[in-house]
Amino acid sequence: TLMEAAHQAESLGYNSGCSADRIILPWQIRTTYPYSRSATFIVPPDRPFFEALTCLAFLAGCTETIQLGMSLMVLPYRHPLYWAKIATTIDQLSTGRLILGVGVGWMEEEFKAMNAPFAERGKIADEQLRLLERLWQEEHINFDGRYYQLDDIAFSPKPYQKPRVPIWVGGEGKLAQRRAGTFGDAWFPYFVRITPAELAQRFDNVRRYAREAGRDPDQISFACCLPIEVTAADVPQEEDYLKGSIAQVTEALKNFKQVGVTHIGLQFMISYWPERKEQIERFAKEALPALRN
């Protein structure tokens, strides 16, 4: 199914496909899930959930042109030398098709199972991204941080893409916006129940944080990931939720394009794969041409 989905997306003209990062699922999740109306996680714990980087390595070998992304890798779950080596390897073996989506995570129970400090996840993520800059740019790498220390190590190969693999920083709050402005090549918020205009206001914060970090804000792309529900007929519209006929969701997506969003990741919410596959194909044939004009 993974291979079929990737081939379908590639042949239909989608420019990227993303894997999600989940290592374990507790049978009881008390942490509020911020990305659904019910505030509960949308995947039952008895469903298979493959490791994200492994999936991208597999898909790199059976695709040719489509970009391979993560939405999003939870940075504190892995040692940065380990995940950076895997990510760089995927970028090399795919000849420069990796998009590195990163975030800090939300599920406290998963952090506990991984023996990762939940309260410090933002600080750990920031330090990992500072270390990543050294790994990808320097030959003799030294690093003296709060969480990681390195003494004159080599890290090779460097990324296939130059100057580096694109880093898309997820998260919706002020700290995530600052992280995107400081470290990111794109801001990539996920399932945000706000209007396009409100989302654009938050991207203005990202640009401001980039200027404060001495970066060019025009070098940071504006992206987002949205759930999409395609219906057979028109339905009443909500400005902050993507649901309706092809014509309705196309018009709604144009509103995101108008406020400056340059990349939209779509998560088709229908759970039954044959129907989801049909919606993906229909959207590509009927909506993508209008969105690209």
If we ignore angles and hydrogens, is there a donor and acceptor under 3.5 Å between the side chains of [X] and [Y]?
X: Glu172; Y: Tyr35; result: yes
X: Gln128; Y: Tyr147; result: no
X: Thr31; Y: Trp106; result: no
X: Gln161; Y: Asp91; result: yes

Pairing of Lys285 and Glu281 as salt bridge, 4.0 angstrom limit:
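Yes, this pair counts.
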Mind checking whether Phe283 and Tyr14 have parallel, tilted or perpendicular rings, split at 30° and 60°?
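Rings of Phe283 and Tyr14: parallel, as their planes differ by under 30°.
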May I have the step-by-step check of salt bridge (Lys or Arg N to Asp or Glu O under 4.0 Å) for Glu198 and Arg193, ending in yes or no?
CA-CA 10 Å; Glu198 292 170 331; Arg193 288 300 305 269; over 6 Å; no
Here's one to test your reading of the geometry: is the NZ or CZ of Arg22 within 45 degrees of the ring axis of Phe41 and under 6.0 Å from its centre?
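Output yes; distance and angle both within limits.
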Axial cation check for Phe183 ring with Arg179, 6.0 Å and 45° limits:
no
Is there a donor-acceptor pair under 3.5 Å between the side chain of Arg78 and the backbone N or O of Trp83?
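Absent.
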Test applied, side-chain contact (heavy atoms from CB on, under 4.5 Å); reference residue, Val249; option that passes from Leu266, Leu242, Thr231:
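Only match with Val249 under side-chain contact (heavy atoms from CB on, under 4.5 Å): Leu242.
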Report the C-alpha separation of His79 and Tyr148 in whole Å, then their side-chain angles, then the decisive distance to 0.1 Å, and conclude whether the ring pair (Phe, Tyr, Trp, His ring centres under 6.0 Å) test is met.
CA-CA 9 Å; His79 193 285; Tyr148 308 102; 5.2 Å; yes
Stepwise salt bridge (Lys or Arg N to Asp or Glu O under 4.0 Å) test for Arg178 and Asp126:
CA-CA 10 Å; Arg178 181 186 295 276; Asp126 289 347; over 6 Å; no
Find out whether Asp21 and Leu72 are in side-chain contact, i.e. whether some heavy atom of one side chain is under 4.5 Å from a heavy atom of the other.
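In short, these two side chains do not touch, never coming nearer than 4.5 Å.
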Under the criterion salt bridge (Lys or Arg N to Asp or Glu O under 4.0 Å), I'd like the reasoning laid out for Glu212 against Arg208: C-alpha separation, chi angles, the key distance, then a yes or no.
CA-CA 6 Å; Glu212 291 176 359; Arg208 175 169 55 84; 3.4 Å; yes
